[in-house]
Structures are given as structure tokens and as C-alpha cells.
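Take a look at the structure below.
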Amino acid sequence: DVKVTQSSRYLVKRTGEKVFLECVQDMDHENMFWYRQDPGLGLRLIYFSYDVKMKEKGDIPEGYSVSREKKERFSLILESASTNQTSMYLCASRRTGELFFGEGSRLTVL
Amino acid sequence: GENVEQHPSTLSVQEGDSAVIKCTYSDSASNYFPWYKQELGKRPQLIIDIRSNVGEKKDQRIAVTLNKTAKHFSLHITETQPEDSAVYFCAASEDSNYQLIWGAGTKLIIKP
């Protein structure tokens, strides 16, 4: 079974804090993605990566950055968390076709 | 820009009845249309997909239809069961390896 693991299911952070969300996949997939999920807005793409060291902006990259130093790991970074970044964050990986998602990280910024 | 509209946002059906969720896309170059199901508290998972060279695809109680001329596609679930309760997302892209444009999701409620 493909496994995409997100490091934290629930996080509570304060405004201005730096936040790291980690994602690891065990299927040697080239493509990895970070989505944000909010009710009524569906899945919005923040950043994606087609290979190690590569990153591309998605639809809503403002306030976020990413890092992909190893093929299996894709990290999402909030340099200075704000309350409007309170959301569910979903990581996904893909070789071709089907996206495999992690369980999600619910971030609350106070 | 490209977008995918999904309706309804919430659908409540009696157990055993059929459910239909509809999506309309704007990019005429779209050729790949997957559907993902997300049960409460769980990750989204692909349940069925269709490519533009096919008008309909079935997998047991689930079917997807595509009308390229009208640029819309639909998910049909027959003989609904409690385990069908979930949020369903449609998406579209030019190719299965391209970025997906997602619909906003439909919450399907199966009433006992």
C-alpha cells in the first residue's frame, strides 16, 4: 500500500510563529503536492514539486514556502503564521494519474 | 482562469435511492476527470476516473458520464448505502499527469 505520512495531525500555533509541516511518502513518487482544504472551497494547491530540489507555485502560494531536499520528503513552511492560515493541510504524492493523500494536518493559528 | 463548478454542495438521499453529483468545467482542453471520496476525518481517495475518449464508465454501483460538448460530467451512485456518506470532489485536467482543477465538493448524506 502507498503510504503518505504527515508528521502532525493537529497543531496549535501562535501568530508570527514559524510552522513546519512534514510529509513523507514511501512509494518513490516523483510528484508531491501541498493542498489547503477549507469548507466550501475544495482543495486549493499551494505548492508542488516534480522532483528533488524542484518546486512550483500553485494557486495560493502567498505566505508559504516549501522544501524538497529528498525525493520522499516534502515540507511546507509558514514563515510567520497568521490566523487566516488556520486550515486543514493535505499532502499528496503521485507517479502518474492517481493522487495519494496523507491524513491531513489541522493547523490552528491563535 | 480555468474552473470547475460542482453541484449541489449538499445532497441528502434516502438509503437505497440514487445520487447524482454534477460538475461543469471551463477548459475545453480538459481530457481527464477523476472523482475523489473523502469520508469524515479521512483522506481523499480516488474512486473512479474517466478520460475524454469514453462517454461513460462504471464500477459496480458507481458510474461517471461525460458530455464533452456541454463540458460537464456527473457521478452516479445507485442503491446508496450508509458507507456512501462522504464528501465527493470532482476534478479536471488536460492529462492525468497535469495539475487538477478541483470542484468545491459535495457532501452526500445517506438517510436511514
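Since this is a predicted model, take the numbers as computed values, not measurements. Protein chains get the first letters and strands the later ones, always in sequence-line order, with residue 1 at the start of each.
- Comparing P44(B), A104(B), P34(B) by heavy-atom pairs within less than 4.5 Å of chain A, the highest count is held by P44(B).
- No other option in Q6(B), K42(B), K107(B), Q99(B) has as many heavy-atom pairs under 4.5 Å with chain A as Q99(B).
- The hydrophobic cluster containing I21(B) also contains V64(B), counting ILVMFWY residues as joined when their side-chain heavy atoms lie under 4.5 angstrom apart, directly or transitively.
- Side-chain contact annotation: Q37(A) with Q38(B), donor-acceptor N/O pair under 3.5 Å present.
- Using a 4.5 Å cut-off between heavy atoms, L90(A) touches chain B through its side chain atoms alone.
- Of the atoms belonging to L45(A), it is side-chain heavy atoms, and not backbone ones, that fall under 4.5 Å from chain B.
- Taken together through direct or relayed side-chain contacts under 4.5 Å among Ile, Leu, Val, Met, Phe, Trp and Tyr, Y32(B) and W102(B) form part of one hydrophobic cluster.
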| task | Decide yes or no on side chain to side chain contact (heavy atoms under 4.5 Å, CB included) for L43(A) and F101(A), but give the supporting numbers first. | result | CA-CA 12 Å; L43(A) 299 170; F101(A) 286 89; 4.2 Å; yes

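- With S93(A) as reference, H29(A) is the one residue of E98(A), H29(A), E72(A), E30(A) to meet the side-chain hydrogen bond (donor to acceptor under 3.5 Å, both in side chains) rule.
- Only the backbone of R95(A) has a heavy atom closer than 4.5 Å to any heavy atom of chain B.
- Heavy-atom pairs under 4.5 Å with chain B were tallied for G102(A), G40(A), G104(A); the largest tally goes to G102(A).
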